[in-house]
Amino acid sequence: MRKTVSFSRHSANIFFHLLTRCNLHCRHCYINPEQHGTRTLDIATIERWLALFADRHPSANVIFLGGEPTLHPDLSLAVKKARELAYASVTIDTNGYLFHDILDKTTPAEVDFFSFSLDGPRPSVNDPLRGEGSFEACTRGIAAAKVRGFDVSLIYTVSRANIDQLHAMPPLLAQLGVDRFFIQVIGIRGPWAEDAGNRETLAQVDRTAWLDVIPKVAEKVAQKGITVTYPKVFLDAQETFECAGLVADNYFIFPNGRVYRCPLCEDFPLHGLEIRDDLLVETPRVNESDLFPLSIPEGCVMNRIIQPRNLPPADAGRPDYKIACCMLKEEIIP
Ligand code: SF4
Ligand code: SF4
């Protein structure tokens with residue numbers, strides 16, 4: 001069953017970056033220490049910040065991120081605290097190296113998903129993007145998680161560099177026992193995006209290429225019994241555009257206390273909220289909240305500002321299509 005997953009009005013998602021440090025140097029990494037610092041939050045702070053959001057949004061989902069969150073020695077304690085605070089679900093995003101024996105310090109009852117990142121169906125595609133040996137480490141990590149009974153999801157970030165290899169993913173996903181597959185569109189943000197060469201080789205694919213490839217591969221993945229989610233990216237001119245910043249409760253928390261409502265804003269000091277003395281406070285205007293209500297024919301206003309190469313072609317000033325909110329997804333449940 002295919003459906004567009006509109007933004008939920010009833011649940012909140014807390015994307016909690018515990019640190020910005022990572023053992024890898026992926027070519028398209030969006031982590032920006034200039035904006036978000038190099039601090040690793042201590043466990044006492046993590047617990048207080050988890051409580052802050054649990055108070056504000058009972059039954060939110062929490063996703064622990066980094067950098068590489070398993071580099072945090074107290075990640076397992078953060079997971080236990082999230083459970084104690086009755087978060088609806090707990091996910092750990094990881095590059096697969098699974099430091100500090102995290103699989104032995106948590107249980108499948110505590111962690112809903114370990115979510116692995118892999119950008120190619122074999123080392124020759126993945127490793128030039130994510131680092132030598134990262135395919136092997138990631139697939140080994142998936143196998144170790146499955147053996148211990150954890151549910152596993154996998155994220156594939158699509159760019160011009162690897163869209164032509166996506167078709168080879170369905171058999172690999174089945175072989176690895178992956179439970180959910182997320183196709184992601186590369187974000188042209190983070191320090192790497194300042195390099196013109198990188199921007200060319202890792203560019204987002206155009207609408208024709210996206211629509212030719214992504215839905216078909218997604219169907220094949222679903223035929224293997226795996227739930228698959230991918231961003232909608234493009235809206236027909238007559239489709240309704242909505243900005244998640246106005247209608248959904250997503251929070252992207254960074255270790256320096258910045259809290260964004262829109263991931264595309266993360267390269268700029270545009271955060272609408274910040275944590276100060278363990279309180280969540282609004283930041284002075286102008287901030288991202290001033291952008292969300294702006295209505296433009298091209299759809300997402302932030303895309304227009306930071307990713308103008310993606311703008312739809314226009315006929316007599318009217319764009320042929322719109323760019324959807326990056327949080328709008330299609331989901332196929334087998
Ligand atoms: S694994 Fe994630 S945080 Fe680490 S370098 Fe790659 S994209 Fe960045
Ligand atoms: S990606 Fe665009 S539409 Fe979505 S929250 Fe950000 S500004 Fe709004």
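Each ligand, and each atom within it, is numbered from 1 in the order the structure gives. Computed from heavy atoms alone, side chains included, the values below leave out hydrogens, waters and symmetry copies.
Tyr321 carries Arg207 over the face of its six-membered ring, with the cationic atom under 6.0 Å from the centre and within 45° of the normal. Because its NZ or CZ atom is both nearer than 6.0 Å to the ring centre of Tyr251 and within 45° of the ring axis, Arg261 counts as a cation-pi partner of that residue.
Interface of Phe241 with ligand 2, defined as ligand atoms under 4.0 Å from a residue heavy atom, comprises 3 (S). Less than 4.0 angstrom separates some heavy atom of Leu24 from each of these atoms of ligand 1: 5 (S). Per-residue contacts place Cys326 under 4.0 angstrom from the following atoms of ligand 2 (heavy atoms of the residue considered): 1 (S), 4 (Fe). Of all atoms in ligand 2, numbered sequentially from 1 with element shown, those under 4.0 Å from a heavy atom of Leu264 are 1 (S). Atoms of ligand 1 found under 4.0 Å from any heavy atom of Asn95 (numbered from 1 in listed order, with element): 1 (S).
Applying the 6.0 Å contact sphere to CD of Glu239 captures more than 12 heavy atoms from other residues, nucleotides or ligands. For Glu34, the CD atom is loosely surrounded, since the number of other residues' heavy atoms within 6.0 Å does not exceed 12. Open room surrounds CZ on Arg304; 12 or fewer heavy atoms of other groups in view lie less than 6.0 Å from it.
At a cut-off of 2.8 Å, Cys262 coordinates atom 6 (Fe) of ligand 2 through an N, O or S atom. Residue contact annotation: Cys26 places an N/O/S atom under 2.8 Å from atom 6 (Fe) of ligand 1.
In this structure, Gly67 is part of the shell of residues with a heavy atom less than 4.0 angstrom from ligand 1. In this structure, Leu291 has no heavy atom closer than 4.0 Å to ligand 2.
Residues Tyr97 and Leu71 share a hydrophobic cluster, clusters being chains of Ile/Leu/Val/Met/Phe/Trp/Tyr side chains in contact below 4.5 Å.
Looking only at heavy atoms of the protein, atom 4 (Fe) of ligand 1 is closest to Cys22 SG, 2.2 Å. The protein atom (non-hydrogen) at minimum distance from atom 5 (S) of ligand 2 is Gly245 N, 3.5 Å. The closest protein non-hydrogen atom to atom 1 (S) of ligand 1 is Arg130 NH2, 3.4 Å. Summary of contacts: the protein heavy atom closest to atom 7 (S) of ligand 2 is Met302 CB, 3.6 Å. Ranking protein heavy atoms by distance to atom 2 (Fe) of ligand 2, first place goes to Cys300 SG, 2.3 Å.
Salt-bridge check for Glu110 with Lys80: passed, with a basic side-chain N closer than 4.0 Å to an acidic carboxylate O.
Residue contacts with ligand 1 for His28 are absent, since no atom lies close enough (heavy atoms, distance under 4.0 Å). Neither the backbone nor the side chain of Tyr260 comes within contact range of ligand 2; no heavy atom lies under 4.0 Å.
Checked against Phe15 for a ring-ring contact (aromatic ring centres under 6.0 Å, His included), the options Phe252, Phe254, Tyr260 give a single hit: Phe252. Under the side chain to side chain contact (heavy atoms under 4.5 Å, CB included) test applied with Val158, the options Ile163, Asp119, Val213 reduce to a single match, Ile163.
Using bins of under 30°, 30° to 60° and over 60° for the plane-to-plane angle, the ring pair Phe181/Tyr156 lands in the perpendicular bin.
The nearest non-hydrogen atom to atom 8 (Fe) of ligand 2, considering only Cys243, Gly187, Cys265, Cys325, comes from Cys243.
Using a 4.5 Å cut-off on side-chain heavy atoms (C-beta onward), Leu280 and Val259 make contact.
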